[in-house]
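Below: one structure, written as structure tokens.
Here is the naming used below: chain letters follow the sequence lines, and residue numbers restart at 1 for every chain.
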Amino acid sequence: MGTTASQLGKDLLSEYQELTFLTKQEILLAQKRFTELLTKDEKNLPNTRVPMERILTLPELKSNPFRKRICHVFSTSEQKDGSLTFEDFLDLLSAFSDSATLEIKSHYAFRIFDFDDDGTLDYGDLEKLVNCLTGETDDTRLTTEEMRQLIGNILEESDIDKDGTVNLSEFQHVISRSPDFVSSFKIVL
Amino acid sequence: MDRNPPRRDMRRVYDHDEGNGYTADQQSLRLRRFPSQMSNQNYPQFAWGSNPADEEPSGGLPQDLRSSPLPMALKRAVRQVQEMQLPVVSERDSWKRKRTKYLRNLKDNAREFIYIFALWNKSLQKIGGNFGGGVQSYFFFLRFLVVLNFVSFSLIAAFVFIPSIVFRSVGDSGVNITVQESFLPPSTGPQDCLQYDPNPVGLGLFYNYFLDVLSGTGFLEYSYLFYGYYSNTEMDDSFSYNIPLAYLLTVVFYFIFCFICIMARMGIAARVAVATGGSTVGNYSKIVFTSWDYGCLGDRATKLKQKNIHYRLQVDLEEENIKKRKASLTLTQKVMLYSLRVLMFLITSGLIAAAGYGIFEATNFSQGRSEQEGVLGLIFEYLPSIVITTANFLVPLLCDQIALIERYSPSLTVILALLRAVVLRLVSLSVLIFTLWGQITCDGNKNHGDCLLCGYNHDLYPCWETRVGQEMYKLTLFDLLINIAMLFLVEFPRRMVVDNWSNKLAQKVGRQEFVVSSNVLELVYSQTVVWTGALFCPLLPFINTIKFVILFYTKKLTLFQNCRPALKTFRSTASTFFFLVVLLFGGGLATAVMVYSLAVIHPSYGCGPFRFFPSMWSVVPASFSNLSKTTQEFLFFIGSQAFSIPLFVLICVVMCYFVALASVYGKSVALLKKQLKQEGRDKQFLVRQIEELSRKLQIPTHAAGVRD
């Protein structure tokens, strides 16, 4: 089942409404923005896969430091190249939407932060995460000493079972104590 | 961390039996983990074998699918499987499922509908994307106040304003003033009390119109704007509508309505504040995991957010180092620091008291010179407002400088500054009201000279309610004018200077920052003034709605044109709760003023709907006697002890239940945390066992290899 380029059938629309957190307006807007990314030939094919570079031209993702990770996490492609179909795009918007639950947001946030895709956040992941947060240029990075102190503090606070990494439940425990997370983990077209 | 690689392999081996590195939706016991043949280990598994008949028929199926972190194709497949597996359910179950599905569709459609009508959504989104959550929370608060004022004004309009217009246009035909004999003013010189001549002099000049609009006198004084214009008529022929009673009850309900709205909004914020526990542990993890705002648009906003996070992390790390150093202060240093703090506290209290005294003097001076004409007269009229605004501007500045000496931790400094500003504003308003009260009631002394005749100072205030209403009206108007004046006279020029003049001083001062806390306090102060004046100036909520709408657009304009985003951000959720608490304090002050005016002070004889009643509240018992006998008995029963004491006991029991529930939840949370720690230790123990076993198994083969 794929999307025809121009119109979304009513059945398909209601199915998307049931399977995602998006409202009808949001789904239609998503379809409009997605078709703008397609070339002329691709518009007629069902179920096209848009390469990551073109997805990253969307203004909502363009300057996000996690943009490549977001594409990788939501992509269902076999080649792991971060390309997205329209349904992947809807999954992305659903997780980042206003009405998505805390669980699904924290789940996807965890996967985005897991740079090596091994299921836990270890020292390397945390270091890359902090560098994304503060900026990649030399004058905005933390010094090695500060980084070590910071990651030591993070692991001390959130690693409950003391295995040196933060797993999904520990991550969700930290998230649940932060009320601003749900409102900041939001991308609205 | 070189023990990581072998442990990770071990864990892969260990976890392979469980099937994956990620667990599915952990809340639901139905979604059991299933060893999968899928090549991609990153997808959580879904229990294909789960039987929908096991689930409670609460319509949880579609909800589950939406919150399960699967890609769309998988979700679709799961749904098909579930639909195929649907066993024959009883009619009741299927009806229940259909009903929940229908309700959910209804809720979704309602939400979409409301979203279209919500005010200013696009602007708020843009503000949040460019300036962050703290500034956005100010605009959310402003929008809430606009809606609150508009809705409460429609209450007043429906029950007081429109009937008054209708009755006036109908004429004096149906007027029937029912008044008891004892309520009439004393026979010795009653005419003095009844004298009230608000009709303006010198209507000709446009200049006079302008002055009158600004000060609420002249043609505005005897108009629907103020209390004095409303009549005490009761229509008796076709239907009865008791305007005094309507006026009183509408104002009381207006207060209750605002109170309920604020409590509802506070409930949401409080729930969130309680859930986070308020602990400062987990600060670093919180910043790193949750501080990124995915709504940031554009390179500039992103770089700014990154700088912001960098700054916060550095500040926190430095504070930690400082704290470690501070723990080693000697005793003399500690004593000095504490005595310095006590001294600074006394100084700030003194500053606030001085501001209060200044307002007292200004109000007395202004009331004494109320006959002055022209521009000088206008300045005298506005003198209390001017002094209040100046005090509210200067004193926080001085307190900021004092806070530098006190050297509290940064978060405590922010809270203290806010508290001081709040106290200052409420004190200034209370002093103004207190001064007015002193003059109206001759300092509470009913038998003192001027107040002997009518119960209030009828020389100075032939219609004292209108006077109080005028003061509140002037405060509101002055606030708006000052805001607009600041915009054009201070903020735009500052930006021009900073942008075009590359002087070192100009660069150091820099573009303006949008300080959320002081702006919010402004809003709270305006709202308190409106509440205080609502009884005396019924159209004030409407004026306030317009004022807040103008404020929204001017603040948005100045935000985008003149301000640079703040380096130190403002935590939005905890502060929302604080703003609402402060709003409640203001509301409490206004309620105290209203209750006192209703119950104690004698209404004016010369004007208003309560002309011949001994107090405003006495219209309620008077109309009470018009109700039917059964209604009276019912109301008496509700007020009696036989009803209220059991009610009170019931409320206590319900509260105890909730307190017990809360403590049980807290205990179970602590228990679960302990369990989690225990499991972690068990896992580590087992991993070490595996390592030992594998080492034992490897050694003989290794020895064999070496021998060969």
Side-chain angles (χ1 to χ4, degrees), chain A residues 1 15 17-21 23-25 59-60 63-66 76 87-88 90-91 96 101 103-104 107-109 117-119 122-123 126 129-130 133-135 140 142 146 149-150 153-154 157-158 160-164 168-169 171 174-181 183-188, chain B residues 1 4 8 21-23 25-27 42 62 65-67 69 71-73 75-76 79 108 111-112 125 133 272-273 275-277 281-286 288-299 301-303 306-307 309-310 313-314 317 571-573 673 676-677 679-681 683-684:
Chain A
M1 253 196 266
E15 188 183 21
Q17 267 184 288
E18 264 186 43
L19 293 179
T20 65
F21 286 103
T23 63
K24 195 161 72 158
Q25 317 283 53
E60 288 84 4
S63 6
N64 194 322
F66 298 104
T76 49
E87 296 188 345
D88 295 338
L90 282 184
D91 277 327
F96 278 101
T101 58
E103 292 148 24
I104 203 171
H107 184 106
Y108 277 115
D117 283 325
D118 65 349
D122 56 4
Y123 191 97
L126 290 173
L129 173 59
V130 172
L133 285 177
T134 58
T140 52
L142 292 178
E146 286 173 336
Q149 187 186 0
L150 174 64
N153 282 334
I154 292 175
E157 287 164 355
S158 32
I160 301 181
D161 56 6
K162 302 286 173 238
D163 60 356
L168 181 62
S169 354
F171 182 78
V174 173
I175 297 284
S176 68
R177 316 202 104 212
S178 164
D180 295 327
F181 177 70
S183 48
S184 64
F185 196 81
K186 223 193 288 193
I187 292 181
V188 180
Chain B
M1 303 240 186
N4 251 351
R8 210 179 300 175
Y22 290 90
T23 59
D25 192 354
Q26 291 175 344
Q27 245 58 347
N42 280 339
L65 272 184
R66 283 209 284 198
S67 354
M72 185 79 80
K75 279 195 264 193
R76 206 182 267 129
R79 197 173 78 139
D108 283 343
R111 201 166 1 117
E112 272 188 52
Q125 213 178 313
V272 155
T276 57
V281 180
N283 208 19
Y284 293 103
S285 333
K286 240 196 271 190
V288 167
F289 290 149
T290 66
S291 63
W292 183 258
D293 187 357
Y294 293 78
C296 261
L297 296 171
D299 268 337
T302 309
K303 279 207 181 48
Q306 286 175 327
K307 239 199 303 185
I309 295 180
H310 184 147
L313 288 173
Q314 272 188 328
L317 288 171
R571 270 177 50 210
S572 41
T573 29
K673 255 206 244 181
L676 203 63
K677 278 198 196 147
E679 276 191 27
R681 257 173 281 174
K683 189 158 69 162
Q684 284 181 334

Legend entry - When A:D88, A:L126, A:N64 are compared by non-hydrogen pairs under 4.5 Å with chain B, the top option: A:N64
Legend entry - A:S184 side chain vs A:F181 backbone, donor-acceptor pair below 3.5 Å: yes
Inset, instruction - Kindly say whether A:T20 contributes a backbone atom to a donor-acceptor pair with the side chain of B:R66 at under 3.5 angstrom? - result: yes
Inset, instruction - List for me each residue that meets side-chain hydrogen bond (donor to acceptor under 3.5 Å, both in side chains) alongside B:T290, sequence neighbours excluded, and say none if there are none. - result: A:S178
Inset, instruction - Would you mind checking which part of A:Y108 comes under 4.5 Å of any heavy atom in chain B, side chain (CB onward), backbone (N, CA, C, O), both or neither? - result: side chain
Legend entry - Heavy-atom pair count under 4.5 Å with chain B, highest-scoring of A:L142, A:I187, A:N153: A:N153
Legend entry - Under 4.5 Å from a heavy atom of chain A, the part of B:L317 involved: both
Legend entry - Max heavy-atom pair count under 4.5 Å with chain B, selected residue of A:L90, A:L150, A:V130, A:I175: A:L150
Legend entry - Distance (rounded to the nearest 0.5 Å) between B:K75 NZ and A:E15 CD: 11.0 Å
Inset, instruction - List in chain and number order the residues that pass side-chain contact (heavy atoms from CB on, under 4.5 Å) with B:E679, two or more places apart in sequence or in another chain; answer none if no residue qualifies. - result: none
